[in-house]
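Take a look at the structure below.
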Amino acid sequence: MNGKSCEFCSNRSFAANFLNDNELKLLEKSCVDVQFSKGDVIFKQNALSSNIIYVKSGLVKIHISGPEREQILKIIKGPIYLGIPTTFGDKINHYSATALMETGVCFIDLNSFKDFIASNSNFAYEIITELCKNELAHFAHCVNQVQKQSQGRVAEALCFFADEIFNASIFELPLSRQEFGDLTGNSRESVSRIFTNLNNDKVITLKGKNIEILDMERLRSISKNG
DNA sequence: GCATTAACCACAG
DNA sequence: CTGTGGTTAATGC
């Protein structure tokens, strides 16, 4: 957990389980452990990228400043790899990552990571599998984003937080209205309005950033059809 | 035309 | 930072 114990790290990646003792020791040597607070930038778009990032715990938003406005690509929850495409794909980062809460991150030296891929096929296989799943999820998300109308996108995002992030129907949104708009491709005003509508329709209860989903069925149907 | 959707603006807590 | 109301442009009956 503190940079010296990849071997015993309980948040270790599934792929890292295939590393042998020797490789784990190498990983420890080429890995730096950093703690981030809410709002801290983990890495920035257009900056040089030279590390593989592994989120051990916490919540991170991945975002791009687009031609018109800010766009949140996705929200991810540790433990998970982050920034493999931006590190392997180009010299510079194509997106930024910002912590949404207290978040533990490992910075892994790119060359060591490449060595593992070259020498350990099980490790490589797991990494490729994860990247492929990622792309498939992106395809689905992309179609949804483009073809759904605004309340459908908002409902989808609420379901996402309930199902994937918090595993609960009551949670506190880790985003401002503006950020929620950036995530769902809406203006902040539209997000406000849709939230109050859902509140009035008794689909959710809304108190500031605290959300309780009252009617999951209804929310899913809005997400699917709206 | 008329209704709906959603962005933009302005202003108020 | 949020919520609300008015306005406007695009799209679809």
Side-chain angles (χ1 to χ4, degrees), chain A residues 35-47 55 57-78 82 93-105 137-226:
Chain A
Q35 200 70 19
F36 290 95
S37 301
K38 183 180 170 65
D40 286 348
V41 175
I42 297 169
F43 60 81
K44 207 167 159 46
Q45 187 174 354
N46 296 326
V55 180
S57 63
L59 208 60
V60 176
K61 70 167 175 176
I62 295 176
H63 50 116
I64 280 188
S65 82
E68 290 291 321
R69 55 202 143 76
E70 190 76 3
Q71 175 76 45
I72 297 180
L73 296 172
K74 61 174 175 176
I75 310 274
I76 58 156
K77 185 175 74 161
L82 152 64
N93 291 316
H94 284 210
Y95 45 82
S96 303
T98 304
L100 294 175
M101 53 183 265
E102 200 67 18
T103 295
V105 171
H138 266 301
F139 288 163
H141 184 245
C142 197
V143 175
N144 284 339
Q145 181 85 359
V146 170
Q147 296 188 3
K148 281 178 186 174
Q149 54 187 42
S150 53
Q151 55 166 349
R153 299 197 299 271
V154 168
E156 182 192 18
L158 288 175
C159 288
F160 165 76
F161 277 110
D163 295 339
E164 320 253 329
I165 301 295
F166 297 109
N167 302 313
S169 59
I170 303 178
F171 54 86
E172 185 186 342
L173 260 193
L175 302 174
S176 69
R177 296 291 191 267
Q178 177 66 61
E179 287 175 309
F180 201 89
D182 294 339
L183 174 66
T184 57
N186 288 305
S187 66
R188 62 169 191 87
E189 293 99 324
S190 293
V191 172
S192 273
R193 262 180 266 253
I194 291 163
F195 276 177
T196 45
N197 284 343
L198 290 172
N199 188 52
N200 293 338
D201 294 347
K202 304 258 188 314
V203 179
I204 64 172
T205 301
L206 180 69
K207 280 193 220 91
K209 290 185 178 177
N210 293 302
I211 287 179
E212 176 176 8
I213 297 173
L214 299 174
D215 192 343
M216 202 54 179
E217 292 303 305
R218 192 90 171 281
L219 194 63
R220 283 195 207 291
S221 117
I222 295 170
S223 167
K224 203 174 169 207
N225 307 314

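Labels below follow one simple rule: chain letters A, B, ... track the order of the sequence lines, proteins then strands, and each chain is numbered from 1.
- The aromatic rings of A:Y95 and A:F43 sit tilted relative to each other, their planes meeting at an angle between 30° and 60°.
- Residues A:F160 and A:S223 have side chains not in contact (no heavy-atom distance under 4.5 Å, counting atoms from C-beta outward).
- For A:E189 against B:dC9, a side-chain N or O and a base N or O form a donor-acceptor pair under 3.5 Å.
- In this structure, A:S150 reaches the B:dA6 phosphate: one of its side-chain N or O atoms is under 4.0 Å from OP1 or OP2.
- Remark: C1' of B:dA6 and NZ of A:K148 are 18 Å apart, rounded to the nearest angstrom.
- Considering only side-chain N and O atoms, A:N186 lies nowhere under 4.0 angstrom from the phosphate OP1 or OP2 of B:dA6.
- A salt bridge links A:R220 with A:D163: the closest approach of a Lys/Arg side-chain nitrogen to an acidic carboxylate oxygen falls below 4.0 angstrom.
- Distance, A:R188 CZ to B:dC9 P: 11 Å, rounded to whole Å.
- Between A:K207 atom NZ and C:dT2 atom C1' there is a gap of 17 Å when expressed in whole angstrom units.
- Using a 4.0 Å cut-off between charged nitrogen and carboxylate oxygen, A:E102 and A:K38 do not count as a salt-bridge pair.
- Between the CZ atom of A:R69 and the C1' atom of B:dA6 there is a distance of 11 Å, rounded to whole Å.
- Counting to the nearest Å, the P atom of C:dT2 and the CZ atom of A:F195 are 10 Å from each other.
- What separates CZ of A:R193 from C1' of B:dC8 is a distance of 10 Å, to the nearest Å.
- Here A:S192 does not reach the OP1 or OP2 of C:dT2: none of its side-chain N or O atoms lies under 4.0 Å away.
- Between A:I64 and A:S96, every side-chain heavy-atom pair lies at or beyond the 4.5 Å cut-off.
- In this structure, A:I194 places its CD1 atom 15 Å from C1' of C:dT4, rounding to the nearest Å.
- Within the structure, a side-chain polar atom (N or O) of A:R177 is placed less than 4.0 Å from OP1 or OP2 of C:dG3.
- Residue A:K209 places at least one side-chain N or O closer than 4.0 Å to OP1 or OP2 of C:dT2.
- A straight line from CG of A:N199 to P of C:dG3 spans 10 Å, rounded to a whole angstrom.
- When heavy atoms are screened at a 4.0 angstrom cut-off, A:G185 is found touching the sugar-phosphate backbone but no base atom.
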